[in-house]
Chemist: 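My questions will all concern the structure given below.
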Amino acid sequence: MVEGVRSINQAVLLHWTINALAYTRDRRLSDWAEGVIEHSAAKVHFMLSSPLMSKLSQKEDTSELIAIVAMPVDD
């Protein structure tokens, strides 16, 4: 699981495979998050409740977007 603007942007920049995205529609998403959702190749989107999103998020302020990625092999 990858969360946070910087971390998700890095995953995209490094062409990590994003298998799924998790977010809530209980609050308005930022333009950045909407752009990631729109342009991502993720085939699965999990729309979660705010309480569940809060439980999954590892941040003090709940992330608006969590990416489930395939980690590349570390050479």
Side-chain angles (χ1 to χ4, degrees):
M1 287 178 34
V2 177
E3 64 180 317
V5 174
R6 188 176 322 175
S7 298
I8 291 174
N9 283 345
Q10 276 296 107
V12 169
L13 181 69
L14 296 172
H15 305 289
W16 288 11
T17 301
I18 298 176
N19 294 317
L21 294 168
Y23 49 93
T24 183
R25 289 292 185 185
D26 294 347
R27 66 179 186 174
R28 185 184 178 286
L29 296 174
S30 68
D31 290 342
W32 167 81
E34 292 287 359
V36 170
I37 292 166
E38 183 178 329
H39 295 102
S40 170
K43 293 182 171 118
V44 178
H45 290 206
F46 296 105
M47 284 189 269
L48 308 176
S49 67
S50 289
L52 180 54
M53 194 69 178
S54 293
K55 289 236 182 225
L56 290 175
S57 179
Q58 298 291 314
K59 298 195 171 264
E60 193 170 312
D61 291 327
T62 303
S63 293
E64 62 179 335
L65 187 60
I66 297 174
I68 294 99
V69 303
M71 297 276 302
V73 177
D74 183 10
D75 295 357

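Since this is a predicted model, take the numbers as computed values, not measurements. The first residue in the sequence is number 1, and the count goes up from there.
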Chemist: According to a 4.5 Å side-chain heavy-atom criterion applied to Ile, Leu, Val, Met, Phe, Trp and Tyr, with indirect links allowed, do I66 and L52 form part of one hydrophobic cluster?
Modeler: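 Yes: a chain of side-chain contacts under 4.5 Å links I66 to L52.
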
Chemist: Please say yes or no: joined through hydrophobic side-chain contacts below 4.5 Å, possibly via intermediate residues, are Y23 and V2 part of one cluster?
Modeler: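 Yes, one cluster joins them.
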
Chemist: List the residues meeting side-chain contact (heavy atoms from CB on, under 4.5 Å) with A42, not counting sequence neighbours, and say none if there are none.
Modeler: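 By the side-chain contact (heavy atoms from CB on, under 4.5 Å) rule, A42 matches I18, L21, S40, H45.
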
Chemist: Would you say L29 and L65 make side-chain contact, with heavy atoms under 4.5 Å?
Modeler: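 No. Closest side-chain heavy atoms not under 4.5 Å.
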
Chemist: Look at the side-chain heavy atoms of Ile, Leu, Val, Met, Phe, Trp and Tyr, link any pair under 4.5 Å apart, and say whether V5 and L13 land in one connected group.
Modeler: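 Shared cluster, no.
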
Chemist: Linking I/L/V/M/F/W/Y whenever any side-chain heavy atoms sit under 4.5 Å apart, do I68 and L56 land together?
Modeler: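 Cluster IDs for I68 and L56 match.
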
Chemist: Does the E64 side chain pair with the main chain of S30, one donor and one acceptor, at a distance under 3.5 Å?
Modeler: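 It does hold such a pair.
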
Chemist: What is the distance from atom CD of Q58 to atom OG of S7, rounded to the nearest 0.5 Å?
Modeler: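 The distance works out to 12.0 Å.
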
Chemist: Tell me if a side-chain donor or acceptor on E3 pairs with a main-chain N or O of S57 at a distance below 3.5 Å.
Modeler: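 Answer holds: no.
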
Chemist: With a 6.0 Å cut-off (strictly less than), is the heavy-atom count around CE of M47, excluding the residue itself, greater than 12?
Modeler: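 Count not over threshold, so no.
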
Chemist: Would you name the heavy atoms of F46 and A20 that are closest together and state the gap between them?
Modeler: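 Nearest pair, atom of F46 first, then A20: CE1-CB, 3.7 Å.
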
Chemist: Out of curiosity, does V69 fall in the hydrophobic cluster containing W32 (side-chain heavy atoms, cut-off under 4.5 Å, transitive links)?
Modeler: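 Looking at the clustering, V69 is in the same group as W32.
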
Chemist: Give me each pair satisfying side-chain hydrogen bond (donor to acceptor under 3.5 Å, both in side chains) with a member in residues 46-56, each pair once, sequence neighbours excluded.
Modeler: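 As it turns out, the side-chain hydrogen bond (donor to acceptor under 3.5 Å, both in side chains) pairs with a partner in residues 46-56, which skip direct neighbours, are D26-S50, S54-T62.
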
